[in-house]
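Scope of the values below: all heavy atoms of this structure, side chains included, with no hydrogens, waters or symmetry mates.
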Amino acid sequence: MAFRSHYFNLCCFFVMIILFGSCSAQLSSYYYAKTCPKALYIIKTAVLGAVAKESRMGASLLRLHFHDCFVNGCDASVLLDDDDTSNFTGEKSAAPNANSLRGFEVIDSIKSKLETACPGVVSCADILAVAARDSVATLGGPTWTVELGRRDSTTASFSNANTDLASPLMNLDELISVFSKKGFTEKEMVALSGSHTTGKARCLLFRNRIYNETNIDSEFAKSIQSNCPSSGGGDNLSPLDDGSPVIFDNSYFKNLVNNKGLLHSDQALFNGGSMDSQVATYSENPITFYVDFANAMVKMGNLSVLTGTDGEIRTNCRKVN
């Protein structure tokens, strides 16, 4: 029996190294039960308050977790500020993140509260993972168990932030490639794309779609054009999900079926290609979407995590100790 247990753990280790760069068995949903028992309550309370103050913040916190995990794993590298004195350039200034990612102040506030309650215990990476889950649940979406015990990186990658994140201009094959490189199936890619059921995007990211593309509902395009002129107004915002702009539901997929995807990459999921049937399934079955999304989020949260003695527990999420 001892041999079997050892063999199983060894298999887990090598399989998880191949898939995620770490063994998820090192994470535990009870990780802070003794060292910081109020950690989850502190994070949830802060997220509820932030979303109540500004509903868009839920989508922003969810996006922070995405952009963290897709670049060198879920290690809070996305939170590190540039440091001119040490010639350090973080991920915030990379093209997909600059003037786009937001919610850093909410994470700062949560971290401050946690440092008061239990100094040096809760990682910034875990804060991002839990805040993303709580944001989705607060907006009416599914919930899931977040495995905890991630540690924070001591570096970041500006170059990888520019290459590893999906672009709103990508076609289906390009999207599949980006997600596949992180170990996701095509089905999981579609499920995770459903995060665009909440939040907003800037005019400059979808201007070409609403003025020049043909696989778009004409009335929908016209309505978006009223807030996104053919020139200028690049920072004007429109909801990613015109059907229910705030609530986390399956309306996003219903939009795609009706050619009302805001971004080119959104509509690429339903455009006569291999993902049409999956999009149609989610448009008709919200529970199926919720289950698949939650499972994919758990998987994403395990990407290349730092555990044990790797990395550190930052005192300030914006800079290494």
Side-chain angles (χ1 to χ4, degrees), residues 13 16-17 20-47 50 60-83 85-86 88-92 97 101 103-135 144-158 160-161 297-321:
F13 176 78
M16 295 306 294
I17 286 294
F20 307 123
S22 178
C23 184
S24 65
Q26 297 179 43
L27 301 180
S28 167
S29 58
Y30 303 103
Y31 191 81
Y32 298 116
K34 293 183 178 180
T35 56
C36 193
K38 292 185 178 180
L40 296 181
Y41 172 78
I42 290 173
I43 297 173
K44 183 176 182 178
T45 301
V47 170
S60 298
L61 294 174
L62 174 59
R63 189 161 180 256
L64 270 181
H65 185 42
F66 264 84
H67 283 229
D68 180 37
C69 293
F70 265 70
V71 181
N72 294 352
C74 309
D75 60 2
S77 58
V78 73
L79 301 177
L80 292 173
D81 284 339
D82 293 350
D83 187 349
T85 59
S86 60
F88 171 78
T89 302
E91 297 165 14
K92 290 181 178 180
N97 297 335
L101 283 185
F104 298 109
E105 295 77 10
V106 175
I107 301 300
D108 290 340
S109 176
I110 293 173
K111 180 60 173 174
S112 178
K113 291 181 174 65
L114 288 169
E115 285 299 303
T116 298
C118 35
V121 174
V122 182
S123 70
C124 302
D126 276 347
I127 294 173
L128 287 175
V130 176
R133 186 271 308 274
D134 291 346
S135 292
W144 56 91
T145 299
V146 177
E147 299 291 299
L148 303 166
R150 300 168 189 77
R151 288 169 65 83
D152 302 322
S153 69
T154 55
T155 186
S157 178
F158 173 83
N160 287 353
M297 286 296 293
V298 171
K299 181 174 178 177
M300 187 182 79
N302 285 336
L303 288 175
S304 301
V305 295
L306 300 173
T307 59
T309 57
D310 293 336
E312 64 180 15
I313 304 297
R314 288 185 215 140
T315 300
N316 180 340
C317 290
R318 292 176 178 265
K319 61 182 182 180
V320 297
N321 293 341

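In this structure, Ser157 and Val71 approach most closely via the heavy-atom pair O-CG1, 3.9 Å. Taking each heavy atom of Leu306 and Gly311 in turn, the nearest pair found is CD1-CA, 4.1 Å. Here the shortest heavy-atom pairing between Ala129 and Val146 reads CB-CG1, 3.9 Å. Here the closest non-hydrogen pair linking Gly149 and Thr307 is O-CG2, 3.9 Å. A pairwise comparison of heavy atoms in Phe88 and Thr155 identifies CE1-OG1, 4.1 Å as the closest pair. The shortest non-hydrogen separation linking Asn97 to His67 is OD1-ND1, 2.6 Å.
Taking the ring centre of Phe104 as origin, the terminal cationic atom of Lys92 falls inside the region bounded by 6.0 Å and 45° from the ring axis.
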task = Could you go through the salt bridge (Lys or Arg N to Asp or Glu O under 4.0 Å) check for Asp81 and Arg318 one step at a time?
result = CA-CA 5 Å; Asp81 284 339; Arg318 292 176 178 265; 3.4 Å; yes
task = List the steps, then state whether side-chain contact (heavy atoms from CB on, under 4.5 Å) holds for Phe70 with Asn160.
result = CA-CA 9 Å; Phe70 265 70; Asn160 287 353; over 6 Å; no
key: Criterion side-chain hydrogen bond (donor to acceptor under 3.5 Å, both in side chains) on Tyr31 and Asp126, from CA distance to verdict   = CA-CA 10 Å; Tyr31 191 81; Asp126 276 347; over 6 Å; no
request  = Could you please spell out the steps behind the side-chain contact (heavy atoms from CB on, under 4.5 Å) verdict for Leu27 and Asn302?
outcome  = CA-CA 9 Å; Leu27 301 180; Asn302 285 336; 3.2 Å; yes
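Looking at Leu114 and Ile43, their side chains come closer than 4.5 Å, going by heavy atoms from C-beta outward. Contact annotation: the side chain of Asp75 never approaches that of Asp152 to less than 4.5 Å [non-hydrogen atoms, C-beta and beyond]. A 4.5 Å side-chain heavy-atom check between Arg63 and Leu101 finds at least one atom pair inside the cut-off. Side-chain contact between Arg314 and Ser153 is present, with heavy atoms from C-beta onward closer than 4.5 Å. With a 4.5 Å cut-off on side-chain heavy atoms, Lys319 and Asp83 do not count as touching. Between Leu40 and Leu148 there is a side-chain heavy-atom pair separated by less than 4.5 Å. Counting only heavy atoms from C-beta outward, the side chains of Arg133 and His65 never approach each other to under 4.5 Å.
Atom OG of Ser123 is separated from atom NZ of Lys111 by 7.0 Å, given to the nearest 0.5 angstrom. Rounded to the nearest 0.5 angstrom, Ile127 CD1 and Cys317 SG are separated by 4.5 Å. Note that the SG atom of Cys69 and the NZ atom of Lys299 stand 13.0 Å from one another [nearest 0.5 Å]. Note that OG1 of Thr315 and CD of Glu115 are 5.0 Å apart. Values are rounded to the nearest 0.5 Å. The distance from atom CG of Leu64 to atom CG of Leu79, rounded to the nearest 0.5 Å, is 6.5 Å. Summarising the geometry, atom OG belonging to Ser304 is positioned 11.5 Å from atom CG belonging to Asp310; distances are rounded to the nearest 0.5 Å.
Of the possible donor and acceptor atoms, one in the side chain of Thr45 sits under 3.5 Å from a partner among the backbone N and O of Tyr41. When atom types are taken as modelled, the side chain of Ser135 and the backbone of Ala131 share a donor-acceptor pair closer than 3.5 angstrom.
For the side-chain contact (heavy atoms from CB on, under 4.5 Å) test with Arg150, the passing option among Asp68, Val305, Leu128 is Val305; the others fail.
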